[in-house]
Amino acid sequence: EADNDWFRIESNKEGTRWFGKCWYIQDYKKYEFELEFDIPVTYPATAPEIAIPKLDGKTAKMYRGGKICLTEHFKPLWSRNAPKFGIAHALALGLGPWLAVEIPDLISSGINAEYGGQEG
């Protein structure tokens with residue numbers, strides 16, 4: 001098993017609200033977070049705003065409500081590729097890099113005490 005998965009999502013019946021979990025593994029420890037996002041009315045011209053509510057206020061690269069900052073790097077990429085991009089692109093090219101940069105920093109500042117860092 002390659003163990004390439006790092007998120008699980010599902011939607012409401014209408015497909016307008018998505019929720020699930022994402023995780024990041026470092027030093028054989030798994031840090032798991034709930035995520036959520038709504039499909040904007042202007043989708044696919046506008047990317048979904050992905051939120052990790054429990055991390056709200058824990059990093060500067062986050063907006064109110066736990067919405068992760070995708071403005072600098074991901075939103076221009078989305079704009080150039082809409083309407084070809086979809087939810088998978090938002091997760092792989094938006095959430096994935098954000099986790100890879102922000103979570104190690106949070107771990108080094110003590111997030112593992114709060115989120116367990118379960119052995120993976």
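Everything numeric here is computed off the predicted structure, so don't read it as measured data. Residue numbers start at 1 and run along the sequence shown.
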| query | If you round to the nearest 0.5 Å, how far is CZ of R64 from CE of M62? | reply | 14.0 Å
| request: Under the side chain to side chain contact (heavy atoms under 4.5 Å, CB included) rule, collect the residues that match up with P76, sequence neighbours excluded. | output: R80
| query | Can you check side chain to side chain contact (heavy atoms under 4.5 Å, CB included) on I9 and I87, steps first, answer last? | reply | CA-CA 10 Å; I9 59 171; I87 293 169; 3.9 Å; yes
| How close do P48 and P40 get, heavy atom to heavy atom, and via which atoms? | CA-CD, 3.9 Å
| Value rounded to 0.5 Å, distance of CZ in F33 from CZ in F7 | 16.0 Å
| Where E34 and P53 come nearest, the two heavy atoms and their spacing | O-CD, 3.7 Å
| request: Answer yes or no: are there more than 12 heavy-atom neighbours, outside K67 itself, under 6.0 Å from its atom NZ? | output: no
| message | If you count heavy atoms of other groups shown closer than 6.0 angstrom to CD of E72, is the number above 12? | response | no
| Side chain proximity check, D27 to I107, heavy atoms < 4.5 angstrom | no
| Considering all heavy atoms, the nearest P97-G94 contact | CD-O, 3.5 Å
| Minimum heavy-atom separation for K84 to H89, with atom names? | O-CE1, 3.9 Å
| Looking only at heavy atoms, which two atoms of P44 and P83 are closest? And how far apart? | CG-CB, 3.6 Å
| message | A side-chain contact here means heavy atoms from C-beta on lying under 4.5 Å apart; do E10 and F19 qualify? | response | yes
| task | Report the distance from atom CD1 of I39 to atom OG1 of T46, rounding to the nearest 0.5 Å. | result | 11.0 Å
| request: List the steps, then state whether side chain to side chain contact (heavy atoms under 4.5 Å, CB included) holds for L106 with K58. | output: CA-CA 8 Å; L106 290 170; K58 305 269 188 224; 4.1 Å; yes
| query | After noting the C-alpha distance and the side-chain angles of K30 and W23, does the key distance pass the side chain to side chain contact (heavy atoms under 4.5 Å, CB included) rule? | reply | CA-CA 7 Å; K30 182 178 182 181; W23 52 91; 3.4 Å; yes
| Quick one: CD1 on I103 to OH on Y31, what's the gap to the nearest 0.5 Å? | 10.0 Å
| message | Let me confirm one number: the CD-CG distance from E49 to L70, rounded to the nearest 0.5 Å. | response | 8.5 Å
| query | How long is the gap from OH on Y63 to CG on D56, to the nearest 0.5 Å? | reply | 13.0 Å
| query | Quick one: does L77's side chain get under 4.5 Å of L93's, heavy atoms only? | reply | yes
| note | With sequence neighbours left out, the residues meeting ring-ring contact (aromatic ring centres under 6.0 Å, His included) with W98 are none
| request: For the pair I68 and L55, evaluate side chain to side chain contact (heavy atoms under 4.5 Å, CB included) and give the outcome as yes or no after the intermediate values. | output: CA-CA 9 Å; I68 66 172; L55 294 180; over 6 Å; no
| request: Output all residues satisfying ring-ring contact (aromatic ring centres under 6.0 Å, His included) with F74, sequence neighbours left out; order by chain, then residue number. | output: W78
